[in-house]
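Notes follow once the structure below has been shown.
Quick caveat, the model's predicted, so the values are computed rather than measured.
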Amino acid sequence: MITPQQIRGARAMLGLTQKQLADASGVSEMSVKNIERGSTPDPRVSTMLAMKKSLESAGVEFIPENGGGPGVRLRKVES
């Protein structure tokens with residue numbers, strides 16, 4: 001699953017506000033805020049998947065833990 005830091009990073013790369021991510025994901029803005037802050041110790045899988053899907057469809061890729069920590073990057077645009 002993605003981490004709060006990955007969500008914050010992806011949102012920043014895309015220039016999205018917490019409200020915009022919430023609207024695109026169909027979750028509450030408060031949920032986004034709490035998850036990003038880490039104050040929701042065990043967020044719902046459905047909430048995390050909705051945010052992940054929205055961020056991926058907006059143009060980011062999530063990088064799993066590979067020895068250097070989990071990450072996020074902008075998806076390469078194919079020409």
* **Ionic contact status for Glu36 with Arg11, cut-off 4.0 Å** =>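 The answer is yes: the pair qualifies as a salt bridge.
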* Asked: Does a side-chain N-to-carboxylate-O contact under 4.0 Å join Glu61 and Arg73?
  ->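 Salt bridge between Glu61 and Arg73, a charged N being under 4.0 Å from a carboxylate O: yes.
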* Asked: Stepwise, does the side-chain contact (heavy atoms from CB on, under 4.5 Å) test hold for Met1 with Leu49?
  -> CA-CA 8 Å; Met1 191 52 62; Leu49 288 175; 4.0 Å; yes
Over all heavy atoms of both residues, which pair between [X] and [Y] is shortest? Give the atoms and the distance, please.
X: Pro41; Y: Ser39; value: CD-O, 3.4 Å
X: Ile63; Y: Gln6; value: O-NE2, 3.3 Å
X: Ser25; Y: Met51; value: OG-CA, 3.4 Å
X: Leu14; Y: Ala58; value: CD2-O, 3.4 Å

To the closest 0.5 Å, what do you measure between [atom1] ([X]) and [atom2] ([Y])?
X: Leu21; Y: Arg8; atom1: CG; atom2: CZ; value: 12.5 Å
X: Ser54; Y: Gln20; atom1: OG; atom2: CD; value: 12.0 Å
X: Leu16; Y: Asp23; atom1: CG; atom2: CG; value: 10.5 Å
X: Ile35; Y: Thr47; atom1: CD1; atom2: OG1; value: 5.5 Å
X: Arg37; Y: Met30; atom1: CZ; atom2: CE; value: 6.5 Å

* **Whether over 12 other heavy atoms sit under 6.0 Å from Arg44 CZ** =>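 Incorrect, the count does not exceed 12.
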* Donor-acceptor contact below 3.5 Å, side chain Ser31 vs main chain Val27 ->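 No.
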* Asked: Knowing that exactly one of Thr3, Val60, Ile2 qualifies, which makes a side chain to side chain contact (heavy atoms under 4.5 Å, CB included) with Val72?
  ->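 With Val72 as partner, Thr3, Val60, Ile2 yield a single side chain to side chain contact (heavy atoms under 4.5 Å, CB included), made by Val60.
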